[in-house]
Amino acid sequence: MAFTLFNTLGRRRMTFQPLQEGRVGFYGCGPTVYNFAHIGNLRAYVFHDILVRSLRRAGYEVNHVMNVTDVGHLTGDNDDGEDKMVKSAEERGKSVLEIAAFYTKAFFHDTDRLNIIRPDIICKATEHIAEMIALIEKIEKNDFTYFSGGNLYFDISRFPSYGELAMLKMEDQQAGVRIGADENKRNPNDFVLWFTKSKFENQALVWDSPWGRGYPGWHIECSAMSMKYLGENIDIHAGGIDHIPVHHTNEIAQSEAATGKRPWVNFWLHNEFLVLDKNKMSKSAGGFLTLQNIIDEGYDPLDYRYFLLGGHYRSQLQFSREGMQGAKNARRSLVEKVRALAAKTANHISAAPGTEAGKYLQAFNKAMEDDLSTPRALAELWGLVKKGQPDTLAAVFDMDRVLGLGLESACSNMEETAEDEANAQEIEGLIAKRAEAKKAKDFALADNIRQNLKEKGIMLEDGPGGTVWRRIAP
Ligand code: AMP
Ligand code: ZN
């Protein structure tokens with residue numbers, strides 16, 4: 001399979017070619033573990049998962065590295081504000097390490113529930129301080145730094161291609177352009193490689209370094225850890241679009257300044273945002289939805305995964321209950337159809353290229369090769385499932401190796417889940433009956449239905465997208 005991927009560096013679609021035949025080094029920026037991930041963050045990780053699964057299915061051996069930021073990320077990406085970890089620890093009356101451990105566990109619990117394959121290497125910033133210091137020393141030796149006001153800065157004026165990824169104009173980088181610029185900086189976009197206690201007295205975690213006792217700037221961890229595990233040049237690096245102007249721009253500057261090798265990363269892939277009521281969902285600004293929130297509303301985590309696959313990763317996606325309900329219904333119907341197929345297809349018969357199933361598989365592959373077009377791939381899966389021929393099932397499972405909707409396991413525990421499914425259908429039937437009763441102003445019947453369900457441990461919640469249900473603990 002030959003993938004065409006949209007490279008943010010140069011803003012063009014390019015045929016993917018790894019540095020080493022058959023192997024892909026992939027680094028995806030991981031979470032800052034000071035709070036639960038919101039469903040927008042999780043969009044980024046479902047995207048990474050689709051990329052990794054697609055490459056593996058195409059035969060590449062992928063080494064997927066993800067960092068966990070447990071130190072150094074300020075509330076502003078541009079060195080301003082407070083340390084997110086310290087702030088969260090203070091607010092919750094816990095130590096920074098306790099906060100990090102709690103939210104790291106919660107993060108992987110969420111990604112597991114979304115059927116995201118765990119990265120091969122998960123690396124914590126606090127466990128790689130020595131590597132960060134060694135990298136900063138190289139940058140310093142190559143003369144890209146200056147020490148000012150207690151911090152070691154990267155001097156962007158020494159790096160002529162600064163801002164290439166974000167297409168920033170050099171004339172906008174001059175000192176004084178940005179109001180409120182740090183007076184210690186020579187250029188407003190210079191960034192801190194190493195903070196000393198002189199800037200933040202309350203920093204909980206500090207380490208000795210050649211520049212004094214302190215802690216690293218946020219960006220250096222990704223350069224240091226990706227180089228440790230993937231080498232000095234990387235095939236693919238990914239993150240959300242918010243990372244383009246500062247975080248990834250700075251990662252490139254410091255990495256290339258340290259090694260002198262350009263380009264540090266061959267393919268930069270960025271996912272667009274999930275938006276809620278036209279606003280960007282943000283962890284630091286609060287007011288966000290977690291995966292558990294939507295599970296509590298009666299959705300399965302895989303309903304959310306299905307919802308995400310319905311949008312291309314480079315398009316903004318509007319979150320809505322209507323959209324989630326649509327995804328829930330579609331996924332349920334897909335599972336039912338695949339189960340029906342599994343019940344009548346005794347063995348898995350592979351789809352030969354000339355067959356109808358083979359044609360759907362080919363179209364599916366084309367969609368995924370075309371910059372990971374999951375909406376088109378889903379449409380091919382549906383087309384295939386509707387045909388329902390003997391060789392369909394194997395092709396469905398093959399497609400699901402990329403989509404990760406758990407279709408094969410839904411078939412292998414059919415007996416156990418058949419009862420759940422029957423129950424779910426009964427509940428949906430009663431919800432429809434209640435809606436009709438309300439429409440006919442028969443409120444007694446409507447209340448009765450709600451009450452009967454409640455006694456069976458089923459809670460109904462009426463929302464803008466209709467009524468959803470969830471099981472409550474007995
Ligand atoms: P953070 O934990 O804040 O560093 O963010 C984790 C990942 O989520 C990063 O790749 C961000 O770019 C990405 N991200 C943050 N907000 C959103 C959003 N609303 N939609 C999609 N991705 C997001
Ligand atoms: Zn990063």
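Atoms within a ligand are numbered from 1 in the order they appear, just like the ligands themselves. Values below: every heavy atom of this structure, side chains too, minus hydrogens, waters and symmetry copies.
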- prompt: Is the NZ or CZ atom of Arg186 positioned over Tyr146's six-membered ring, under 6.0 angstrom from the centre and within 45° of the axis?
  reply: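 Flagged: Arg186 positioned over aromatic ring of Tyr146.
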
- prompt: Is Arg13 close enough and on-axis enough to Phe6, meaning under 6.0 Å and within 45°, for cation-pi?
  reply: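 The answer is no; the distance or angle limit is not met.
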
Is any N or O atom of [X], backbone or side chain, closer than 3.5 Å to an N or O atom of ligand 1?
X: Arg43; answer: no
X: Gly40; answer: yes
X: Gly240; answer: yes
X: Ile241; answer: no

- request: May I ask whether His38 places a heavy atom under 4.0 Å from ligand 1?
  value: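 His38 counts as a contact of ligand 1 under the 4.0 Å cut-off.
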
Tyr45 and Phe107 aromatic ring geometry - parallel, tilted or perpendicular at 30°/60° bounds: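 The rings of Phe107 and Tyr45 stand perpendicular, inter-plane angle above 60°.
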
May I ask you to list the atoms of ligand 1 that are less than 4.0 angstrom from any heavy atom of [X]?
X: Leu274; value: 18 (C), 19 (N), 20 (N), 21 (C)
X: Glu272; value: 21 (C)
X: Asp242; value: 11 (C), 12 (O)
X: Asn271; value: 21 (C), 22 (N)
X: Pro31; value: 2 (O)

- request: Please say whether more than 12 non-hydrogen atoms of neighbouring residues, nucleotides or ligands are located less than 6.0 Å from CZ in Arg23.
  value: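 Not more than 12 within 6.0 Å, no.
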
message: Does Asp371 form a side chain to side chain contact (heavy atoms under 4.5 Å, CB included) with Arg314? I'd like the steps, not just the answer.
response: CA-CA 9 Å; Asp371 199 22; Arg314 285 197 300 113; 2.9 Å; yes

Could you tell me if [Y] and [X] have a donor-acceptor pair between their side chains, going purely by distance under 3.5 Å?
X: Tyr162; Y: Asn250; value: yes
X: His248; Y: His243; value: no
X: Thr4; Y: Asp370; value: no

message: Quick check for you: to the nearest 0.5 Å, what is the distance between Tyr215 atom OH and Leu205 atom CG?
response: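 One finds 10.5 Å between OH of Tyr215 and CG of Leu205.
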
field: Pair Lys124 + Asp70, salt bridge at N-O below 4.0 Å
entry: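 Here Lys124 does not pair with Asp70 in a salt bridge, since their nearest N and O are not under 4.0 Å apart.
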
message: Less than 4.0 angstrom from a charged side-chain N to a carboxylate O is my criterion; do Arg262 and Glu256 meet it?
response: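 So Arg262 pairs with Glu256 through a salt bridge.
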
Environment of the Zn ion (ligand 2) in terms of protein N/O/S atoms, cut-off under 2.8 Å: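 Cys29 SG, Cys222 SG, His247 NE2, Glu251 OE2, with waters left out.
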
task: Between Thr32 and ligand 1, find which residue part has any heavy-atom pair under 4.0 Å and reply side chain, backbone, both or neither.
output: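 Within the 4.0 Å criterion, Thr32 contacts ligand 1 through backbone and side-chain atoms alike.
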
Criterion side chain to side chain donor-acceptor pair (under 3.5 Å) against Ser223, the qualifying member of Gln254, Glu232, Glu131: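 Single side chain to side chain donor-acceptor pair (under 3.5 Å) partner of Ser223 among Gln254, Glu232, Glu131: Gln254.
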
task: Run down the list His243, Gln316, His247 and name the one with the heavy atom closest to atom 9 (C) of ligand 1.
output: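 Minimum heavy-atom distance to atom 9 (C) of ligand 1 goes to His243.
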
